[in-house]
Amino acid sequence: MSNAAAPVTEGPDRTDGPSHVAVIMDGNGRWAAARGLPRAEGHRRGVEALRRVVRAAHELGIRYLTIFSFSSENWSRPATEIGDLFGLLRRFIRNDLASLHRDGVRVRVIGQRDGLEPDICALLNEAEELTRNNNKLTLVVAFNYGSRQEIAHAAQLLAREVAEGKRDVGSIDADTLGQYLDAPDIPDPDLIIRTSGEQRLSNFLMWQAAYSELVFVPIHWPDFDKAALEDAIAEYARRERRFGGLAAKTGS
């Protein structure tokens, strides 16, 4: 997702807040453990939080919401937990896709689909195709996604073009590589939120996060709601974004 121009979408006219918010939805397991519940219940409650945040995003004038749904590193988790996560994805798409479509949400999916079960691939394709023309909010689902893998894949594509004589190596710069990432038409995130108190990106949108504001909140993802999103946006609004330039008043 390079910082390329993105299509104009409909929605509330809010110029003071972030246009693109990305979320690392962390803490489902810890939320469940603190309550003596199985991890699967934490993931189920995490889906409920996702529904709340998708609704809140449009209400707050956010045009792009990217969620870290399933990391390429999550395959190291127990098979039962992976099965629970995939089951929740299946139910979310089957149960929520119609309402997302009705509300004008466009679904985009980034990440590797090779090796996924056929029905999962079919559901992801269905979600993208059904909502392709919607323009109120773009929900980007990072599924089986890893930022290093995304960057490596872009480099491989460019290397192939050079080897085939289709491109000169001198033509490759940062903007060029950005166009070979998973969704180059979507602008980079203005704000990245991570729940549960951890303070790292964990292989999420590392290229796109070059100038993103990072906000880390202590609450676990199942407890995240519109008020928590508003707090994160308020923190974003308090910061002065310089992009390598000088501060407007201090010159520092």
Side-chain angles (χ1 to χ4, degrees), residues 1-9 18-24 62-76 89 105-118 120-135 137-192 194 200-214 241-246:
M1 291 186 292
S2 68
N3 209 5
V8 175
T9 57
S19 175
H20 183 177
V21 174
V23 185
I24 302 173
I62 295 167
R63 297 183 182 276
Y64 300 90
L65 176 66
T66 298
I67 59 167
F68 205 1
S69 174
F70 187 83
S71 164
S72 54
E73 283 82 22
N74 286 156
W75 291 105
S76 63
L89 175 69
V105 176
R106 183 181 183 185
V107 178
R108 298 282 297 277
V109 181
I110 60 174
Q112 295 296 315
R113 302 193 197 185
D114 295 343
L116 295 178
E117 295 181 18
I120 291 288
C121 290
L123 286 171
L124 296 177
N125 290 337
E126 177 187 357
E128 289 189 305
E129 287 300 320
L130 178 65
T131 63
R132 180 174 297 277
N133 296 319
N134 294 342
N135 58 10
L137 169 70
T138 297
L139 175 63
V140 184
V141 180
F143 187 80
N144 195 27
Y145 172 86
S147 186
R148 288 180 173 178
Q149 292 86 336
E150 178 188 26
I151 295 168
H153 182 251
Q156 289 169 358
L157 294 175
L158 285 166
R160 185 175 301 133
E161 290 188 1
V162 171
E164 294 173 350
K166 298 178 180 178
R167 175 183 294 277
D168 182 83
V169 68
S171 70
I172 300 174
D173 57 15
D175 289 338
T176 304
L177 193 147
Q179 290 299 315
Y180 284 72
L181 298 177
D182 286 355
D185 57 310
I186 293 178
D188 295 343
D190 304 294
L191 169 63
I192 297 178
R194 180 168 186 153
R200 57 182 178 272
L201 286 176
S202 295
N203 203 19
F204 180 57
L205 301 182
M206 295 190 298
W207 179 279
Q208 298 88 341
Y211 290 100
S212 301
E213 295 295 327
L214 309 179
R241 309 190 76 202
R242 304 182 191 178
F243 301 100
L246 297 178

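Numbering starts at 1 and runs along the sequence shown. Below, each value reflects all heavy atoms present in this structure, side chains not excepted, and no hydrogens, waters or symmetry copies.
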Determine, step by step, whether L89 and L123 satisfy the side-chain contact (heavy atoms from CB on, under 4.5 Å) criterion, reporting the C-alpha distance in whole Å, the side-chain angles of both residues, the deciding distance to 0.1 Å, and the verdict.
CA-CA 9 Å; L89 175 69; L123 286 171; over 6 Å; no
side-chain contact (heavy atoms from CB on, under 4.5 Å) partner of S212, the single match among L205, I192, D190:
I192
Interatomic spacing from CZ in R106 to CZ in R63 - rounded to 0.5 Å
14.5 Å
Could I get the full list of side chain to side chain donor-acceptor pair (under 3.5 Å) partners for S71, not counting sequence neighbours?
E73
Starting from the C-alpha separation in whole Å, work towards a yes-or-no answer on side-chain contact (heavy atoms from CB on, under 4.5 Å) for I186 and Q208.
CA-CA 10 Å; I186 293 178; Q208 298 88 341; over 6 Å; no
Identify the two heavy atoms, one from Y64 and one from I62, that lie closest to each other, and give their separation to 0.1 Å.
O-CG2, 3.1 Å
When you look at CZ of R113, are more than 12 heavy atoms from neighbouring residues, nucleotides or ligands closer to it than 6.0 Å?
yes
Report the distance from atom CH2 of W207 to atom CG of L177, rounding to the nearest 0.5 Å.
4.5 Å
All side chain to side chain donor-acceptor pair (under 3.5 Å) counterparts of E161, not counting sequence neighbours:
R167, Y180
Go through R194 and R200 one step at a time and tell me if the side-chain contact (heavy atoms from CB on, under 4.5 Å) criterion holds.
CA-CA 8 Å; R194 180 168 186 153; R200 57 182 178 272; 3.4 Å; yes
Please evaluate residues R148 and I151 with respect to the criterion side-chain contact (heavy atoms from CB on, under 4.5 Å), reporting the C-alpha separation (whole Å), side-chain torsions for both, the decisive distance (0.1 Å), and the verdict.
CA-CA 5 Å; R148 288 180 173 178; I151 295 168; 5.9 Å; no
If every non-hydrogen atom of F143 is compared with every non-hydrogen atom of V109, which pair is closest and at what distance?
CB-CG1, 4.3 Å
So CG of N134 and CZ of R132: to nearest 0.5 Å the spacing works out to 11.0 Å
Taking every heavy atom of G178 against every heavy atom of P184, the minimum-distance pair comes out as O-CB, 3.7 Å
What's the separation between atom CG in N125 and atom CD1 in I120, rounded to the nearest 0.5 Å?
11.5 Å
Which distance, rounded to the nearest 0.5 Å, do you find between the CG of L65 and the NE2 of H20?
7.0 Å
Can you measure from CZ (R108) to CG (L139) and round to the nearest 0.5 angstrom?
11.5 Å
Just wondering, do T176 and L158 contact through their side chains at under 4.5 Å, heavy atoms?
yes
Among T66, N203, I110, find the residue that satisfies the side-chain contact (heavy atoms from CB on, under 4.5 Å) test when tested with Y145.
I110
In a check of side-chain contact (heavy atoms from CB on, under 4.5 Å) between L124 and each of N144, V141, L116, which one passes?
L116
